[in-house]
Amino acid sequence: MKINRMILFLFGVSLCGCFDDKGNYDYRDMADITIENVPEVIEVLGNSDRIIVTPKVISSLDGEVKEDNGNFEFSYKIEKKSGGTMVAGQKWVDLNPSKTLNLDTLAAFAADTYVGWFAVTDKRSGVQTSTTFDIKVSSPTYEGWMVLCNEGEQERVRMDMISVISAERVIPAYNVLAPLGFPEVKHARGIGFYPTRLANPDDVIYVMSEEGTYKLNKETFKTDESWNMNNVDFIIPPADEHVVYYNTVNSSNASAALACLCVTDAGNAYAQVLSTPGAAFEKPINTSARGEAPTYRVAPYIGVSMARPGNGKAAIFYDVDNQRFMGWKQGYVDFLMQVLNPIRDKDGALFTFKTGMDLVYMESTRYSNGLVYAILQDAVGKRCIYGINMSGNGYVPESKYEDLNAPDFDKATLFAFHSQFPYMFYAVGNKIYLHNLGTNTTYPVNNIALGENETVTMLKFNLYRQCSLKDLNNQSEEFMARQYELMVGSYNAAAPDNNGGRLGFYPVDGVNNSVTKRIEYSGFAKIRDVVYRERR
């Protein structure tokens, strides 16, 4: 009986304590949060597109939560889906430091697949609700036109891209090498590109300038001072000279080239014979015997047959000191390919290879199964054009054009020769001309209209380098026809920034001696060279 009285007493004390504590706790219901309108996957182009998310947040107590609702806080973060760190050992990055409801930020991330997190926090209860979405970042350098530019008065080397994400989506991306370690160099000269189907050697991409030539990582385009071509591709690094022109001699094998050839700003030529194990550029080949000191300088051009697969095993150089063409050929042993030799004239030939003239320009084409055009100028400034067929063993004088009916041809510095029609294009200031070599007739290309402050900075046909590209990648006829479009780079000096460059693509009409514009892109610096980054 005493035990029962004690239990009743303790129960009463406890009950009184509960009544006395009334009001010390908040028994309000906690809200249920739902998140809608967040995509499962967002696909963006790195350093070009923006990551945009506009979620709809609904609270069971507050209804739709708006941006200005002070009871809620929003956050976004990103991390690699495959694991690993984002920056400085940190596994995730805050995408939205301002804590706003909607996200709109540049996709400044390397090509990869990431997980995005969106979280809503009810600040009254501390309860957080979140959802995830994938972010697939594509590289703007994966495929498309590499656009090499000189930027500003100092002519800082810069590379832009016209990125081909798909057949339906082609967009420009600018200054793509700046965040990838490319050194600050000036005066761009060109892009060296050698694609191959073999694992070794692999695809090669060079950015050539007057202050250094650098190899790019074929996938990421990353580079730095340690990737200087002189240090990675030469047995003995050349002193005080930089590679400014690069070309390959394609063999009959559709998979790879026979050799890679280059010329430096010092006028020295080098050969990398790919049949040699651990092939590299050796000593200059503009000499009479392997390994000896150079005895003359060569012009920054190398002529080869551009027929694919290669139907020629030779290349042609120009000796600027002795005003003559010099030949390089495949030899039975590798050391024979480390020397240039004078090309012998044949009786009755259309012209002599000892021209006695200055070389103005030389271009390799597919016309006539591998014709190399050379523009030459005599002592009084008169110009003519030689056509040298490089198919087979090469060096066949095929065509000679003199007394050209071509206005201001003697003033032109930019040229481009077509591979399907006997057409030469040349530019003077902001005017472009089409010269029909067969009829010796010139047509002003008036429908390429440039302003008075614009000048042409590049004319080019981008012939694809990879053998069997159409069959390998199941490319369309439309895509394959792009290589025969005239590319016109121009620059507007009145542009308020350093982005007055335009690049137009013009299909050529071989019947009516004319061109039509297919498409144009803008926002570049002064365009120096354009090469399509082919994929296997």
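Sequence positions, counted from 1, serve as the residue numbers for this chain.
Donor-acceptor pairing under 3.5 Å is lacking for the side chains of S138 and E43. Side-chain contact check for T248 and R465: at least one donor-acceptor pair (N or O, by modelled atom type) lies under 3.5 Å. For the residue pair N150/R189, the side-chain donor-acceptor check at 3.5 Å is not satisfied. No donor-acceptor contact under 3.5 angstrom links the side chains of H187 and S209, judged on distance only. Y386 and E398 share no side-chain donor-acceptor pair at under 3.5 Å. Counted by atom type alone, Y318 and Q323 present zero donor-acceptor pairs between their side chains at under 3.5 Å. N247 and Y194 share no side-chain donor-acceptor pair at under 3.5 Å. In this structure, a donor-acceptor pair under 3.5 Å is absent between the side chains of N231 and N228.
Screening K186, K526, R156 against E151 for a salt bridge (Lys or Arg N to Asp or Glu O under 4.0 Å) leaves a single residue, R156.
The backbone N or O of P238 sits nowhere less than 3.5 Å from a side-chain atom of E241 that would complete a donor-acceptor pair. Checking side-chain atoms of K460 against main-chain N and O of V530 turns up a donor-acceptor pair under 3.5 Å. Distance alone, capped at 3.5 Å, is enough to place a donor-acceptor pair between the D529 side chain and the I191 backbone. Side chain of D319 to backbone of N322: a donor-acceptor contact under 3.5 angstrom is found. In terms of modelled atom types and a separation under 3.5 Å, the side chain of D345 and the main chain of T352 share no donor-acceptor contact.
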- Taking it one step at a time, do Y270 and C260 satisfy side-chain contact (heavy atoms from CB on, under 4.5 Å)? CA-CA 8 Å; Y270 297 85; C260 303; over 6 Å; no
- Query: Is there a salt bridge (Lys or Arg N to Asp or Glu O under 4.0 Å) between D378 and R383 once you walk through the steps?
  - Reply: CA-CA 7 Å; D378 65 17; R383 292 180 176 180; over 6 Å; no
- Task: In sequence, state the C-alpha distance, the side-chain angles, and the governing distance for K222 and D224, and then conclude on salt bridge (Lys or Arg N to Asp or Glu O under 4.0 Å).
- Result: CA-CA 7 Å; K222 286 185 177 180; D224 55 38; over 6 Å; no
- Residue pair E225, Y214: steps toward the side-chain hydrogen bond (donor to acceptor under 3.5 Å, both in side chains) verdict: CA-CA 8 Å; E225 198 63 51; Y214 295 87; 2.8 Å; yes
- Task: Could you give me the CA-CA distance, side-chain angles and deciding distance for R502 and E520, then say whether salt bridge (Lys or Arg N to Asp or Glu O under 4.0 Å) is met?
- Result: CA-CA 7 Å; R502 293 194 292 165; E520 182 179 82; 3.0 Å; yes
- Task: Please assess V339 against I285 for the test side-chain contact (heavy atoms from CB on, under 4.5 Å), listing each intermediate value before the final yes or no.
- Result: CA-CA 4 Å; V339 173; I285 62 176; 5.5 Å; no
- Item | Worked verdict on Y464 versus R482 for side-chain contact (heavy atoms from CB on, under 4.5 Å) | CA-CA 9 Å; Y464 298 143; R482 297 281 185 268; 3.3 Å; yes
- K313 and K329: CA distance, side-chain angles, deciding distance, side-chain contact (heavy atoms from CB on, under 4.5 Å) verdict: CA-CA 6 Å; K313 300 180 180 179; K329 278 191 177 183; over 6 Å; no
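Among residue pairs with one or both ends in residues 228-238, those qualifying as salt bridge (charged side-chain N to carboxylate O under 4.0 Å, His left out) are K215-D233; sequence neighbours excluded. Within the structure, the salt bridge (charged side-chain N to carboxylate O under 4.0 Å, His left out) test picks out no pair touching residues 358-373 (sequence neighbours left out).
Proximity of F221 to M159: side-chain heavy atoms (C-beta onward) are separated by under 4.5 Å at one or more points. A 4.5 Å side-chain heavy-atom check between L437 and F417 finds at least one atom pair inside the cut-off. Side-chain atoms of V207 and T213, non-hydrogen and from C-beta on, never get closer than 4.5 Å to each other. M229 is listed as a side-chain neighbour of F234, based on a closest heavy-atom distance under 4.5 Å. Using a 4.5 Å heavy-atom cutoff, the side chains of L404 and I385 are in contact. The closest side-chain heavy-atom distance from Y246 to I302 is not below 4.5 Å. The closest side-chain heavy-atom distance from Y423 to N513 is below 4.5 Å. With a 4.5 Å cut-off on side-chain heavy atoms, V488 and L459 count as touching.
Remark: F505 engages W145 in a ring-ring contact (aromatic ring centres under 6.0 Å, His included) (not counting sequence neighbours). For S391, the side chain to side chain contact (heavy atoms under 4.5 Å, CB included) partners are N311, N369, N389, not counting sequence neighbours. Every residue two or more places apart in sequence or in another chain was checked for a ring-ring contact (aromatic ring centres under 6.0 Å, His included) with Y367, and none qualifies. For Y174, the ring-ring contact (aromatic ring centres under 6.0 Å, His included) test picks out F524, with sequence neighbours left out.
What you find for S490 and T457 is that their closest heavy atoms are N-OG1, 3.8 Å. Nearest approach of V360 to Y301, heavy atoms of both residues: O-OH, 3.4 Å. Heavy-atom minimum distance, P140 versus V176: CG-CG1, 4.4 Å. What you find for A188 and C149 is that their closest heavy atoms are CB-O, 3.9 Å. When every heavy atom of R297 is checked against every heavy atom of D321, the shortest pair comes out as NH2-OD1, 2.6 Å. For S399 against L371, the heavy-atom pair with the smallest separation is OG-CD2, 4.2 Å.
Remark: T365 OG1 to Q420 CD distance equals 10.5 Å, nearest 0.5 Å. In this structure, OG1 on T455 lies 8.5 Å from CG on L450, to the nearest 0.5 angstrom. To the nearest 0.5 angstrom, N286 atom CG is 4.5 Å from N268 atom CG. A distance of 5.0 Å separates CD of Q338 from CZ of R290, quoted to the nearest 0.5 Å. Interatomic distance, I316 CD1 to S305 OG, rounded to the nearest 0.5 Å: 12.5 Å. Here the straight-line distance linking atom OH of Y506 with atom OG1 of T516 works out to 9.5 Å at 0.5 Å rounding.
The local environment of NZ in K283 is sparse, with at most 12 non-hydrogen atoms from other residues, nucleotides or ligands closer than 6.0 Å. Residue D240 qualifies as open at atom CG: its count of foreign heavy atoms under 6.0 Å is 12 or below.
We find that K431 and D408 are not joined by a salt bridge, their nearest charged nitrogen and carboxylate oxygen being 4.0 Å or further apart.
The ring of F479 has its center closer than 6.0 angstrom to the ring center of Y532. Ring centroid separation for the pair F461 and H418 comes in under the 6.0 Å cut-off.
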